[in-house]
Number of protein chains: 2
Amino acid sequence: MTSFMHVLNANRLLTELPAVERDSFMAVCETVELSFGEVLLQPAETITHVYFPIDSFISLIVVLDSDNRLEVAMAGREGMLGSSLVLGIEETPMLALVQGAGSALRITAENFQQLLLSSPVLHQRLKRYIYVVMKQLATSAACNHFHQIEARLARWLLMTQDRAGSDQLNLTHEFLAMMLGVRRAGITLAAIALQARGLIRYQRGTITVLDRPGLIEASCECYSKDCALYAKILPI
Amino acid sequence: MTSFMHVLNANRLLTELPAVERDSFMAVCETVELSFGEVLLQPAETITHVYFPIDSFISLIVVLDSDNRLEVAMAGREGMLGSSLVLGIEETPMLALVQGAGSALRITAENFQQLLLSSPVLHQRLKRYIYVVMKQLATSAACNHFHQIEARLARWLLMTQDRAGSDQLNLTHEFLAMMLGVRRAGITLAAIALQARGLIRYQRGTITVLDRPGLIEASCECYSKDCALYAKILPI
DNA sequence: AGCGTTATGTACGCTACCGTGCCGACGCTT
DNA sequence: AAGCGTCGGCACGGTAGCGTACATAACGCT
């Protein structure tokens, strides 16, 4: 039970719940292991389960067509997958891809909707989370439009590091190119530049963050703004 | 009273409300005139009023810094301004600029939050609206990233025409450049191309849509997708 | 009619990024 | 130890859009 509470507290949306709500939550959730590359939801698919990552994290990707796809949001320990159920919508807007393997708490859509009715604190917190996501989506739109690959790459690495909880990230240039919606060669050039500045080191599918403050310096302000927003709207 | 009902029905989020909810709404709302260029909300400002446009419409703009701004959403007769209050958040994520003069229904933030508690149908409908906006924000991010100015301009004109309810739009290239986050000269070239194809005609701050189907053809699919999404999630 | 203001056309060199394709290097498998 | 698939470096020409600047044209005011 204590260890289960520990698990609950590992997702930041679930901390600080009153005992009653925590018990209800525990009664219906299960722990699952997510593996890298797993597709949890296809765009416009019906949501069957809601996920609260613990040490895994998930990329939310807009698929325009077979050639054009772009990651627009991430959900790790600080977020969730399936938030549209909070709005009463059972379809998902985007492709959900497991980007960091690990565990997550899972609830069926039905149980989740029941739970919301009897858990005002959780419900309120999740609505606030949706606001954060909305604002981040809006900012991302502008960021992807105006900022250059190198700065966006730096931002992306920082966001990933936060969620992975490690300075070693298993990522290929190919994968990064898909996330940022650019050429693989474009990532290579940006990565070379960041490495030359001593901010990262990489070889064959592994990127190590060497100088986090330097990487923040190299990223656009969108990273810091995102962090500040989350801290403001969803404190602790 | 009949005319007031007419006004209520003029905003698509307010149609089809049960009589009780409509009465509560009418009791606290007022009609206001919005003039072009008026700033209704600065980013991160506290929301004092919620607006339901009737024949006006509002641009929601992300301001990254003084040079970089980008319109990411529009609210006309089909939408509202201040939806974050539905999520229990009193701050606004973006700059709200009146882009089409006209009238709107207005409610104070306080009254609006009261109203939501006693109006389940309205509340549900507004949550669905938030979902639509979220998905549109995500799609916009990808659209602005991948699609070219000419297609984006066509899309933007169509969206504006829908909300203005007229094929005559009062817009300068300068203004369009700000909305799309591109150079004024870039708009001029795209506009020339669209005019050469006989889709629009323009002179000194007025753009006339001549061939709507053709313009849809020239736009990216994001326009049709947006329309389809709204129709699916918020029918009638 | 004349004048200032605002809107649009156009031109310049420049940059970031594209699509593609090739090569070498690494590391896993057998 | 050899082989093969994956990953990263690099190079090519091409293009969309940038920043800037200046010229022309329409309108509105006196």
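To find a chain, count down the sequence lines: A is the first, B the second, and so on, and within it residues start at 1.
Using a cut-off of 4.0 Å between Lys/Arg side-chain N and Asp/Glu carboxylate O, Asp162(B) and Arg212(B) are scored as salt-bridged. The pair Glu78(A)-Arg12(A) does not count as a salt bridge, with every side-chain nitrogen at least 4.0 angstrom from each carboxylate oxygen.
Under 3.5 Å, the side chains of Asp226(A) and Thr139(A) contain no donor-acceptor pair of N or O atoms.
At a threshold of 4.0 angstrom between heavy atoms, the contacts of Gly186(A) with the nucleic acid are absent. Among the atoms of the strands shown, only primed sugar atoms or phosphate atoms (P, OP1, OP2) are found under 4.0 Å from some heavy atom of Ile149(A). Residue Ala191(A) is out of contact with every strand shown, counting any heavy-atom pair closer than 4.0 Å.
Residue-to-nucleotide proximity on DNA chain C shows that, of Thr172(B) and Asn68(A), the 5′-proximal contact is made by Thr172(B). Judged by closest nucleotide on DNA chain C, Thr188(B) is the one of Thr188(B) and Gln148(A) placed further toward the 5' end. Map His173(A) and His145(A) each onto its nearest nucleotide of DNA chain D; the residue landing nearer the 5' end is His173(A).
Nucleotide dC18(D) holds its P atom 12 Å from the CZ atom of Arg184(B), rounded to whole Å. Taking atom CD on Glu150(B) and atom C1' on dA16(D), their separation rounds to 12 Å, with Å as the unit. In this structure, CE of Met178(A) is placed 19 Å from C1' of dG19(C), rounded to the nearest angstrom. Between the CD atom of Glu174(B) and the C1' atom of dA26(D) there is a distance of 17 Å, rounded to whole Å. For the pair Phe146(B) CZ and dA16(D) P, the interatomic distance rounds to 16 Å; values are reported in whole Å. The CD1-P distance, from Ile187(A) to dC17(C), rounds to 10 Å in whole Å. Here dA7(C) presents its P atom at 12 Å from CZ of Phe175(B), a figure rounded to the nearest Å. The distance between atom CG of Asn144(A) and atom C1' of dC17(C), rounded to the nearest whole Å, is 14 Å.
Relative to the side chain of Arg183(B), the nucleotides dG19(D), dT20(C), dG9(C) differ in distance, and dG19(D) lies closest.
Separating the CD1 atom in Ile207(B) from the CG atom in Asp167(B) is a distance of 12.0 Å, to the nearest 0.5 Å.
For a distance-only test at 3.5 Å, the side chain of Arg204(B) fails to qualify as a donor-acceptor partner of the base of dT8(C).
In this model, the phosphate group of dA26(D) is not approached by any side-chain N or O of Tyr202(B) to a distance below 4.0 Å at OP1 or OP2.
Note on ring orientation: taking the six-membered ring where Trp is involved, the planes of Phe175(B) and Phe36(B) are tilted (angle from 30° to 60°).
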